[in-house]
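Let me begin by presenting the structure, written as structure tokens, before commenting on it.
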Amino acid sequence: MNENGTQEIHLSTLERLYRSMLRIRMVEEALAERYPEQEMRCPMHLYTGQEAIAVGVCDHLASTDAVFSNHRAHGHYLAKGGSLQGMIADMYGKESGCCGGRGGSMHLIDKSAGFMGSVPIVGGTVPLAVGMAFAFKTLKKNRVSVVFFGDGCFEEGVLHESMNYAVLKSLPVLFVCENNAYSVFTGLEERQPKRAIVDIARAHGLETVAGDGNDILHVHTAAAEAVRRAREESIPQFMEWQTFRWLGHVGYQNDDHLGYRKPGELAAWKTRCPVQRMESLLQGNHQWCSEQLESIRKEIDQEIETTFIDVKQCPAPDPRTAGKHVYGSTTGSV
Amino acid sequence: MNENGTQEIHLSTLERLYRSMLRIRMVEEALAERYPEQEMRCPMHLYTGQEAIAVGVCDHLASTDAVFSNHRAHGHYLAKGGSLQGMIADMYGKESGCCGGRGGSMHLIDKSAGFMGSVPIVGGTVPLAVGMAFAFKTLKKNRVSVVFFGDGCFEEGVLHESMNYAVLKSLPVLFVCENNAYSVFTGLEERQPKRAIVDIARAHGLETVAGDGNDILHVHTAAAEAVRRAREESIPQFMEWQTFRWLGHVGYQNDDHLGYRKPGELAAWKTRCPVQRMESLLQGNHQWCSEQLESIRKEIDQEIETTFIDVKQCPAPDPRTAGKHVYGSTTGSV
Amino acid sequence: MAERGQRVITYAEAIREAFVQSMERDERIIIIGEGVPDPNAIFGTTRGLQKRFGAERVLDMPLAENGMTGICIGAALGGLRPVLIHQRIDFALLSMDQIVNNAAKWRYMFNDQGSVPLVIRMLIGRGWGQGPQHAQSLHALFAHIPGLKVVMPATPSDAKGMMIAAIEDDDPVLFIEHRWLHGIRDHVPEQYGSVSLDRAVTLRQSKMVSEMCVTIAAFSHTVVDAVMAADILEQCGVAVTIIDMRSARPIDLEPVLASVKETGHLVVLDTGWASCGVSAEVVARSVERGFSMLKKAPVRITPPDHPIPTSHYLTTDCYPGAKAIVSAVFDLIDPRKTIDNINIVRDFLSDGPKDVPYKTFTGPF
Amino acid sequence: MAERGQRVITYAEAIREAFVQSMERDERIIIIGEGVPDPNAIFGTTRGLQKRFGAERVLDMPLAENGMTGICIGAALGGLRPVLIHQRIDFALLSMDQIVNNAAKWRYMFNDQGSVPLVIRMLIGRGWGQGPQHAQSLHALFAHIPGLKVVMPATPSDAKGMMIAAIEDDDPVLFIEHRWLHGIRDHVPEQYGSVSLDRAVTLRQSKMVSEMCVTIAAFSHTVVDAVMAADILEQCGVAVTIIDMRSARPIDLEPVLASVKETGHLVVLDTGWASCGVSAEVVARSVERGFSMLKKAPVRITPPDHPIPTSHYLTTDCYPGAKAIVSAVFDLIDPRKTIDNINIVRDFLSDGPKDVPYKTFTGPF
Ligand SMILES: Cc1ncc(C[n+]2csc(CCOP(=O)(O)OP(=O)(O)O)c2C)c(N)n1
Ligand SMILES: Cc1ncc(C[n+]2csc(CCOP(=O)(O)OP(=O)(O)O)c2C)c(N)n1
Ligand SMILES: [Mg+2]
Ligand SMILES: [Mg+2]
């Protein structure tokens with residue numbers, strides 16, 4: 001272990017983590033670039049700046065493990081292996097989208113990857129993840145269920161109900177709180193008193209860890225242990241990671257000029273960019289040259305460009321299908 | 001202070017506490033006796049066994065302080081000074097009842113005494129007490145708002161939302177959790193993991209105290225300090241008191257034969273009867289003779305008998321008034 | 001429907017039997033709710049289940065309605081088939097978010113890539129001073145929401161068959177029981193078998209001998225009132241067809257229209273408030289589809305537009321029963337008739353307390 | 001109603017003005033909600049209020065809808081007059097318990113010994129991919145509940161006057177705004193003044209020259225659709241009376257009946273689902289009270305019975321607008337008329353994107 005309590009990590013793992021973070025970053029940059037074209041007509045909450053959390057946690061999950069998420073889901077979805085094409089096509093409202101266009105950015109799903117769904121009602125998926133863990137345990141599947149949510153979500157009563165049940169039943173569930181200190185434009189201090197989120201989770205009886213969510217090595221190491229304990233010992237876990245979103249709550253732009261954040265806060269966090277930190281690590285400790293980084297970037301860029309081209313050519317769904325799938329059979333329609 | 005951390009209490013206070021506890025006990029015994037007559041036609045949740053908590057807390061409250069409560073409200077209502085006649089008349093469904101018959105046992109109110117309302121939806125009044133404290137603080141009234149609730153209620157998310165807000169805004173509110181280890185027939189261990197309720201409250205940032213809720217001296221001393229800190233320093237408070245209900249969850253009978261409680265549990269708690277403990281104290285430390293106790297008992301008995309006689313003579317409400325007071329004006333009726 | 005010759009059990013026993021037979025067939029079914037394994041056993045409907053199927057499949061739960069609903073949705077997505085129980089429908093208000101935002105929409109919003117096979121039983125309280133927060137009939141709130149199925153069986157055989165169907169169904173089904181139906185006894189088939197969730201049924205049809213005839217469409221416990229009213233009305237020469245609506249979503253209007261075509265008169269009964277209630281929906285649809293068949297405007301009979309007070313003295317008019325129905329029918333078919341001058345009515349309608357389902361009932365409730 | 005000569009402001013500005021003028025008059029009023037003091041200021045409706053009235057009276061809040069609703073009820077019982085704001089009505093589902101069990105019933109169950117002067121603003125989302133959980137029109141859920149008032153102003157002057165009335169009211173008022181109304185501009189009185197919460201209003205009445213006439217009863221944003229439809233219909237020789245219903249509880253049927261008496265035809269428009277919706281209630285009551293005046297069955301025009309998908313390609317038919325209304329009216333008054341053979345219609349109805357309130361609108365929303 002090094003000073004952060006993090007394990008030495010093999011280079012191939014570092015590269016995998018780097019690729020995954022960079023890919024999320026670049027996908028969102030590409031989304032932001034194209035959003036003003038007014039063809040992706042749905043609210044979008046970009047994850048830029050927070051990539052280390054999704055990647056550090058999901059790296060330990062199999063596609064049979066479950067992830068649930070919230071409005072800010074792109075990173076979780078991609079880190080878990082969700083189809084890029086499926087996500088972007090849904091943002092464009094296309095038939096080939098992961099929800100056939102019914103979801104858009106705020107409702108992602110890729111069951112083949114174990115990404116079980118994200119919805120924009122804050123707290124909406126938290127008990128679902130617990131219920132999924134309950135099913136895993138009851139059905140004796142050796143699986144873990146994970147839910148990502150924000151600091152704002154921690155204020156919702158349903159979170160506490162969910163934690164209580166997870167501990168009561170010793171479920172293989174991992175709560176991941178991404179504390180970016182804001183809910184929309186509202187700072188934490190206007191919503192929660194000065195005390196640690198993680199302390200409440202611990203008082204509920206959860207095993208907890210907290211730390212710098214922009215430190216991928218810390219997240220990755222802690223998540224390894226948390227996922228292991230959840231999976232092997234069925235002990236529910238809670239993580240609180242400090243992080244920061246770089247862009248506005250919704251939309252594609254930096255909104256720092258609105259003045260709702262503390263001066264210098266964004267700049268300070270940008271110096272702790274998880275992608276850049278990993279680049280420094282690779283270049284420093286592992287003597288990567290910039291060509292190596294550049295070639296990864298190119299690969300990803302290629303993938304993204306192709307995907308957008310494909311998606312734009314996909315057919316739109318037929319509006320006459322909008323009434324389908326309210327029920328499995330037709331018996332329910334009024 | 002003595003070994004329990006409790007203050008030496010003046011004899012007149014002891015007598016007052018004793019009277020108040022005994023009165024609650026005797027009122028409920030009288031209710032239980034008459035319930036089978038099928039004239040009080042509403043669900044009733046008796047407080048027998050838990051009297052020390054209501055009395056120990058409410059003794060520090062002025063009639064301008066607010067109390068909210070739950071389905072098991074008789075004790076809180078009487079300890080706060082609610083009208084006995086008003087309560088019993090409502091149980092009989094009479095016009096002179098504290099709700100004109102609209103409430104019954106599960107909906108009590110006596111605003112002149114600062115008993116602001118009880119309702120049977122578990123958790124229903126918890127945020128109301130916090131809101132009342134918010135109004136007190138905003139309107140610069142030097143008042144405290146108190147809410148009584150059970151261990152089961154602690155499972156409801158709204159409680160956590162309420163605690164968060166109370167601490168965030170430093171409100172003059174006192175949460176009183178009466179932990180009688182059961183919710184209806186369900187033991188705590190089937191609903192909550194093994195960890196202390198009070199620890200979660202403390203993690204939320206509340207000042208907390210916990211202890212034997214059948215020890216009136218402990219409750220009374222701790223409540224004095226809690227009410228003082230809430231009132232003078234506007235620091236929200238949380239108390240968890242262990243206690244036990246002697247009778248069935250609802251109704252008037254002992255239901256121990258149903259076997260849902262641990263063997264011997266009830267008997268053990270009965271030896272810790274708060275009323276009897278106070279009698280021993282008065283007879284022991286303060287050399288009261290049994291005549292003194294007896295005369296108090298007689299007085300209360302007299303009051304209760306008279307009240308029942310009065311109430312039975314009260315007129316029933318006119319069913320044609322059942323539609324009144326849905327709205328303040330008539331504008332809302334459809 | 002129930003046939004003669006089958007053994008007679010209560011509505012509550014019928015539900016329990018549906019559980020036993022379903023759980024024996026399908027290991028994925030779990031039953032969860034406050035008090036499910038306790039001595040009261042949800043008014044007997046879950047009695048003995050934990051002993052029989054184990055504590056992993058038959059569970060009590062914390063007081064956390066929204067969370068537990070979400071947990072059941074998650075468990076359903078994870079391959080179980082949960083039945084969640086609320087002892088009062090009033091408590092389900094705490095879980096509207098999970099029911100409406102998640103359960104009702106999961107299949108739709110994820111384009112048929114998942115479904116929520118969840119049954120939520122909700123009991124409507126009544127009588128013995130249940131009062132403002134424990135005697136609401138809130139099914140219309142759910143019937144408004146596409147993606148939910150909302151059934152309200154009125155008979156023991158439907159209770160069994162529709163519970164089986166609800167559990168078999170791959171979509172969320174709200175199974176709403178009126179507490180006063182639990183004690184009703186009737187013939188119920190012994191074998192496992194479902195009753196469809198989307199079909200109203202003509203419960204009774206008296207022969208029309210004159211112009212004096214009426215169609216009564218009734219939900220849940222009002223079917224009992226309708227039967228009592230029909231007994232009276234028939235003795236007064238009025239032919240009555242009773243449609244047991246069975247489901248509040250979907251609403252099956254076919255038997256109503258078929259009958260209205262004959263009678264020209266429609267009375268709709270519901271245990272819930274009129275305004276934006278299922279009675280409003282039945283009236284609106286009957287008019288939309290059967291305007292020319294109606295001789296007069298349909299009539300709704302529902303509780304008055306205020307909360308239910310606790311005092312039994314005050315609830316006299318809160319639950320319109322057979323008497324109100326008879327009056328309304330007289331108004332509809334022959335306004336000169338009044339209930340007071342018909343002796344037969346007095347014999348049928350007792351003046352006993354109105355806050356118990358039957359006379360020997362004693363509180364607490 | 002708005003009169004010419006008054007200055008013109010938007011619906012959003014009108015709400016803000018109602019707040020400013022009310023708060024100046026009554027110190028007990030507080031405004032609380034997620035984002036109230038933030039740069040977006042609830043789409044501008046709370047802009048500058050915190051600066052003007054202080055952080056004690058204008059507050060942000062945690063994400064805790066049920067708790068905060070209960071806290072506002074408690075604050076109201078304690079002497080304040082809170083206005084609680086939800087940026088989407090969908091979030092209010094989390095607080096159904098406090099709204100229905102406490103706010104709606106407090107005065108009643110405690111026999112008029114307390115009241116809950118609380119306004120809850122809830123915004124209905126639409127367009128730009130709001131999707132299944134952010135574009136629901138859930139007002140019918142509240143309109144079902146006695147004890148609540150549920151208003152849905154459609155014009156800037158009503159927005160101001162009804163907000164003032166809601167704040168003055170001693171009972172809980174749910175103030176439901178359709179997001180697409182916020183940008184609408186109209187004449188609004190400058191001075192403080194209320195518009196009653198329980199009166200529908202005849203917004204427009206064209207002279208009847210033939211048998212071709214219709215009454216349109218419209219809620220909230222459908223009033224805008226109705227006005228567009230009326231423009232078309234009038235050019236086709238159909239006389240249209242538009243009733244802006246304004247309130248979903250209570251429902252004021254008088255102007256509807258008065259107009260139906262003349263026209264014999266009723267079309268009801270709502271932004272919410274039909275089943276057990278306010279449109280069902282208006283139809284049911286119109287029939288109950290105006291059966292003999294109706295020449296044909298009333299028609300409901302509402303969104304289809306499914307959740308709203310996100311893709312703008314899929315929502316084409318999810319929000320029936322002027323075109324659907326014109327078609328329905330033609331069907332009603334002269335089934336031989338079709339919308340396609342009327343040139344005028346094409347001129348009125350654009351083929352632009354359907355997910356924005358006006359053409360220059362750009363996302364995100
Ligand atoms: C129940 C509910 N309340 C409010 C909202 C509006 N809303 C959407 S995202 C959001 C912020 C949530 O903050 P947080 O959980 O910290 O996540 P972050 O956006 O910071 O990632 C809010 C308030 C919502 N979608 N659902
Ligand atoms: C929201 C809600 N859920 C369930 C119930 C049914 N119920 C009434 S009292 C009660 C027990 C509550 O237990 P606790 O809070 O410990 O109080 P106690 O009865 O032990 O005093 C329950 C479950 C209810 N009234 N409200
Ligand atoms: Mg955040
Ligand atoms: Mg308890």
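Letters go in sequence order (proteins before strands), and every chain restarts at 1.
Panel note: side chain C:N102, backbone A:G124; a donor-acceptor pair is recorded below 3.5 Å. For A:E161 (side chain) and C:P62 (main-chain N/O), no donor-acceptor pair under 3.5 Å exists by modelled atom type.
With a 4.5 angstrom heavy-atom cutoff, A:L108 touches chain C only via backbone atoms. With a threshold of 4.5 angstrom between heavy atoms, A:V326 approaches chain C through its backbone and through its side chain. Neither the backbone nor the side chain of A:S112 has a heavy atom closer than 4.5 Å to any heavy atom of chain C. Interface remark: A:K169 contributes side-chain atoms only to the contact with chain C (heavy atom separation under 4.5 Å). Residue C:I30 touches chain A through its side chain alone, counting heavy-atom pairs closer than 4.5 Å. There is no contact between C:D170 and chain A, counting heavy-atom distances below 4.5 Å.
Here the CD atom belonging to C:Q98 is positioned 9.5 Å from the CD1 atom belonging to A:I121, to the nearest 0.5 angstrom. Note that NE2 of A:H325 and CE of C:M109 are 14.5 Å apart. Values are rounded to the nearest 0.5 Å. The distance from atom OG1 of A:T138 to atom CG of C:L59, rounded to the nearest 0.5 Å, is 7.5 Å. Going from atom CD1 of C:I73 over to atom OG1 of A:T125 covers 11.0 Å, rounded to the nearest 0.5 Å. Here C:Y108 contributes atom OH and A:C99 contributes atom SG; the two are 11.0 Å apart, rounded to the nearest 0.5 Å. Annotation: the span from C:L80 atom CG to A:M132 atom CE amounts to 10.0 Å, rounded to 0.5 Å.
Chosen from A:V130, A:V126, A:L139, the residue pairing most often with chain C at heavy-atom distances under 4.5 Å is A:L139. Of the residues considered (A:Y165, A:F134, A:F136), A:Y165 shows the highest number of contacts with chain C, using heavy-atom pairs under 4.5 Å.
Here the closest non-hydrogen pair linking A:A135 and C:A75 is CB-O, 3.8 Å. The nearest pair of heavy atoms linking A:P127 to C:G67 is CB-O, 3.4 Å.
The shortest distance between side-chain heavy atoms of C:W106 and A:L128 falls below 4.5 Å. Using a 4.5 Å heavy-atom cutoff, the side chains of C:D198 and A:Y327 are not in contact.
Counting non-hydrogen atoms of other residues, nucleotides and ligands closer than 6.0 Å to CD of A:E39 gives a total above 12.
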